[in-house]
Amino acid sequence: MQLFNAWYNLESNQAENIQSLISLFEKEGNSQIKASCDEDIEIFSAQDWKNFSEKQQQTLLLKYRLTYLKESTVNWCAALGTVLANDEVKDGFSERGGHPVEQKKMMQWSMRISAYAERLLQGLDTIDWPEPVKEMQRNWIGKSVGASVKFKIENTDNSIEVFTTRVDTIFGVSFLVIAPEHELVNSLTTKEQKNEIDNYIAQTKKKSELDRMADTKTTSGAFTGSYVINPANGEKVPIWIADYVLAGYGTGAVMGVPSGDQRDWLFAQKFNLPIIQILDSQANIATEAEATKEGKYINSDFINGLTYKEAIEKLNLWLETQKVGKAKINYRMRDAIFGRQRYWGEPIPVYFKDGLPHLIKEEELPLLLPEIDKYLPTETGEPPLARAENWTYQDQANYELSTMPGWAGSSWYWYRYMDAQNENQFASPESIAYWKDVDLYIGGSEHATGHLLYSRFWNKFLKDLGYVNEEEPFKKLINQGMIQGRSNFVYRVMDEDGKGTNTLVSAGLRKDFKTSALHVDVNIVENEILNLAKFKTWRPEFKDAEFILENGKYICGVEVEKMSKSKFNVVNPDDLIKSYGADTLRMYEMFLGPLEQSKPWNTNGIEGVFKFLRKFWRLYHNESWVFTVSNEKPSKEELKALHKIIKKVQEDIERFSFNTSVSSFMIAVNELTDLKCKSREILENMVIILSPYAPHICEELWHLLGKENLSYAQFPTFNPSYLEEAEFAYPISINGKMKMNLNLSLSLSENEATTAVLANEQIQKHLEGKTPKKIIFVKGKIVNIVI
RNA sequence: GCUCGGAUGGUGGAACUGGUAGACACGCAGGACUUAAAAUCCUGUGCCCUCAACAGGCGUGCGGGUUCGAUUCCCGCUCCGAGUACCA
């Protein structure tokens with residue numbers, strides 16, 4: 001609601017209530033206002049504003065709001081009557097059922113995250129996050145400095161606006177490409193070209209954005225028949241459409257400069273368009289494009305002879321004075337779509353009256369999901385909420401039918417933890433002032449450009465409105481590795497049109513068919529062999545499935561990928577807890593490897609951790625499993641073992657290296673077992689050190705030791721004097737190859753040490769009578785003899 | 001395609017700042033205890049040559065380089081994973 005009732009003021013560089021915008025409109029119209037808003041805003045005066053009807057005013061405001069309605073393209077599956085996510089579309093067909101999917105335009109709620117692009121970018125420098133994640137976000141925000149240029153359409157008053165980072169190449173333009181979805185395509189297409197354009201658009205509609213992107217090898221496009229005039233030299237430039245240009249980015253139009261851009265070069269090659277050299281440094285443009293900024297301009301009228309920097313400056317000024325363009329900063333990040341055509345999500349608290357969206361009143365919240373007969377779209381393809389009876393506001397106006405996406409909740413939930421019982425506010429100002437932000441956030445890098453960016457966006461917005469105090473929500477971030485799953489696949493045979501059939505072919509035979517791979521539940525697959533009976537009942541669409549078997553079996557394909565419900569490769573840890581206990585599972589997960597590393601889930605080593613915990617328990621017991629500790633003074637060796645582990649665990653916790661701590665615990669327990677240690681002093685400390693790793697067993701032992709409140713026990717202090725050594729077994733290497741170890745006192749100087757080394761008989765043997773050229777001595781590390 | 005990450009024994013991994021590669025586990029093999037099994041304990045286990053020991057050679061995805069010395073640094077690839085919007 002707040003986002004709907006807000007706009008972004010680029011002057012104060014923060015979000016403000018929509019009321020302040022309305023007052024500005026009333027006072028001075030919109031010509032002086034610097035705001036993040038839709039591109040197609042007309043200029044109006046204060047007087048105009050007052051004369052506008054209520055409806056006109058609201059329509060205009062919608063173009064400024066931070067939550068607004070926007071036409072977006074979605075994957076539409078007519079057979080299922082629903083919108084599909086990208087990962088539910090496989091090769092242009094729905095994963096479920098194999099029905100055709102096409103790109104369809106739809107009015108969708110969006111959020112103007114782009115208003116925050118610069119702040120999201122700058123903020124990265126202030127937070128302690130892994131560099132790769134920051135880098136991904138920087139690339140995602142994608143700031144580029146360039147210019148926008150208007151190309152006038154021949155014989156009309158309209159023009160096409162183009163964004164370019166290389167305005168200096170404007171004299172090399174030999175064509176203009178617009179996205180197939182571009183709103184001007186229809187009006188630009190001439191009678192002669194209509195067939196070709198229609199065909200091309202039909203083809204494009206079948207491709208998802210992902211497909212369009214994956215295929216960089218084929219150059220395709222179609223000529224509209226119309227021309228624009230290059231403002232720089234007045235020349236006629238043909239307008240093409242091509243699917244490498246996306247409607248959603250910039251203006252959905254690109255100027256084609258074949259000499260400087262390889263993609264444009266390929267396009268010009270294929271369709272016989274001129275390739276114009278514009279820099280004297282471009283020597284090989286007959287074979288490939290050269291995106292150089294070196295050299296001086298040629299064939300470029302008034303920038304001939306200038307360098308790159310001079311040309312950019314001159315052109316930007318020229319564009320502005322000619323009123324055909326201006327210098328511009330562009331962000332590749334698009335606004336985020338906020339509506340979902342699903343049932344399970346928060347309903348959007350909006351109703352429609354006279355085609356305009358209105359918010360329900362705040363005291364009417366929360367708006368609860370209505371009951372519906374089945375969680376499916378309607379027969380006419382409307383979202384599930386359309387099934388609800390009387391889903392109307394005050395019995396008159398229709399409610400919005402889409403629901404909110406997952407990130408509506410995930411973008412602010414941590415504030416709820418600060419004040420979870422609060423019934424009136426999302427969190428009280430006092431609790432927010434106390435807790436501030438999240439000190440350490442552990443999350444997977446798969447959220448780098450989704451959740452972690454949306455959260456930063458909402459947090460900044462909440463700060464602008466004074467609800468929270470920190471600019472950034474997560475001070476420090478660590479990427480834990482993803483636990484991956486082994487996914488199994490079946491292969492659906494496709495007919496000549498590429499449509500899915502009812503037949504599935506075993507993995508070994510799939511080369512002979514055109515197939516598309518489908519995830520299958522790992523629980524109905526054993527040793528890659530599919531249980532056919534279970535498969536048929538798994539989902540209704542497979543009831544009558546037919547199989548092409550190999551050796552009487554259906555063999556599934558295997559891939560390792562992230563564990564996810566949608567991939568049907570999730571395993572449940574409950575069974576492990578039942579047989580090994582939660583401590584074992586917890587420690588095993590740590591033992592598996594470094595926190596940041598991804599790996600497939602595998603329980604092969606869990607026995608080792610389980611045995612360790614039993615061995616640890618036995619330290620506190622005698623042979624008959626009776627609790628036994630002694631009050632004897634610990635020996636030197638026992639103290640050494642203890643202080644080794646104190647040091648190690650301290651260091652490991654600092655650097656989040658839990659797997660190495662677990663190994664060290666095993667070493668310590670092995671040592672203490674060998675020493676037959678029963679000393680209370682040692683064993684009490686061991687419980688404290690291990691307790692964060694295996695809390696249950698430690699709590700139990702703590703009680704047996706006659707103590708309470710383990711979580712408040714003081715972590716033991718490391719004493720280095722227990723670890724001091726007088727000697728070190730130096731590795732002696734010859735030409736960098738380790739030959740033997742030699743015990744030397746650590747107090748020896750370099751000279752004394754090398755003398756002692758050369759005096760050694762065995763070393764002389766290794767030297768084979770040769771005189772060393774050089775001896776490298778690193779105290780406490782190594783001796784290397786070069787011969 | 002693009003952005004980001006990863007690769008070390010049969011397996012998970014260790015080696016933190018360029019200094020003994022394979023710690024600690026799993027698995028495997030052999031043995032002890034047991035009527036037997038489970039549990040527990042002991043020994044061995046990177047690869048190659050060798051009956052074995054001694055000794056030797058090769059080894060951190062691949063190909064080069066820097067260095068007395070490289071799993072670690074540099075250049076060029078391959079494969080695997082995550083994200084994705086052909087970003088003008």
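What you are looking at is a predicted structure, and each value in this text was computed from that prediction instead of being measured. Convention: sequence-line order gives letters A, B, ...; per-chain numbering from 1.
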Integer-rounded Å distance: A14(B) C1' and E651(A) CD: 15 Å

Pairwise C1' distance for G12(B) and G18(B), with rounding to whole Å: 27 Å

Nearest-Å distance for atom pair NZ/P, residues K779(A) and G19(B): 19 Å

Salt bridge R614(A)-E607(A), side-chain N to carboxylate O under 4.0 Å: no

A23(B) and U8(B), which share atom name P, separated by this distance in whole Å: 16 Å

Span that lies between the C1' atom of G9(B) and that of U71(B), in whole angstrom: 14 Å

N/O donor-acceptor pair under 3.5 Å between S745(A) side chain and E727(A) backbone: no

Distance, rounded to the nearest Å, where N139(A) contributes CG and A88(B) contributes P: 11 Å

A7(B) and C87(B), which share atom name P, separated by this distance in whole Å: 29 Å

U3(B): pairing nucleotide in any strand, Watson-Crick or G-U under 3.5 angstrom: A82(B)

Proximal nucleotide (of A23(B), G12(B), U3(B)) relative to the L592(A) side chain: G12(B)

P gap between G1(B) and U72(B), integer Å: 26 Å

G69(B) versus C80(B) - spacing of their C1' atoms, nearest Å: 31 Å

side-chain N/O K611(A) vs C26(B) OP1/OP2, d < 4.0 Å: yes

D125(A)/R138(A) ion pair, N-O < 4.0 Å: yes

Side-chain donor/acceptor contact of N784(A) with base of C68(B) under 3.5 Å: yes

Distance-only donor-acceptor check, side chains S661(A) and S664(A), under 3.5 Å: no

Gap in Å between the two C1' atoms, one belonging to A85(B) and one to G19(B), rounded: 48 Å

Side chains of K615(A) and N670(A), donor plus acceptor under 3.5 Å: yes

Span that lies between the C1' atom of C49(B) and that of C54(B), in whole angstrom: 14 Å

Integer-rounded Å distance: G83(B) C1' and M333(A) CE: 16 Å

Base of C86(B) paired with side chain of D243(A) (donor-acceptor, under 3.5 Å): yes

Chi class for G9(B): syn within 90° of 0, otherwise anti: syn

Interatomic distance, Q762(A) CD vs C54(B) P [rounded to whole Å]: 13 Å

Pair K647(A) + E651(A), salt bridge at N-O below 4.0 Å: yes

Rounded distance in Å - CZ (F612(A)) to P (A39(B)): 19 Å

Rounded distance in Å - CG (N659(A)) to P (C26(B)): 16 Å

Nearest-Å distance for atom pair NZ/C1', residues K143(A) and C87(B): 16 Å

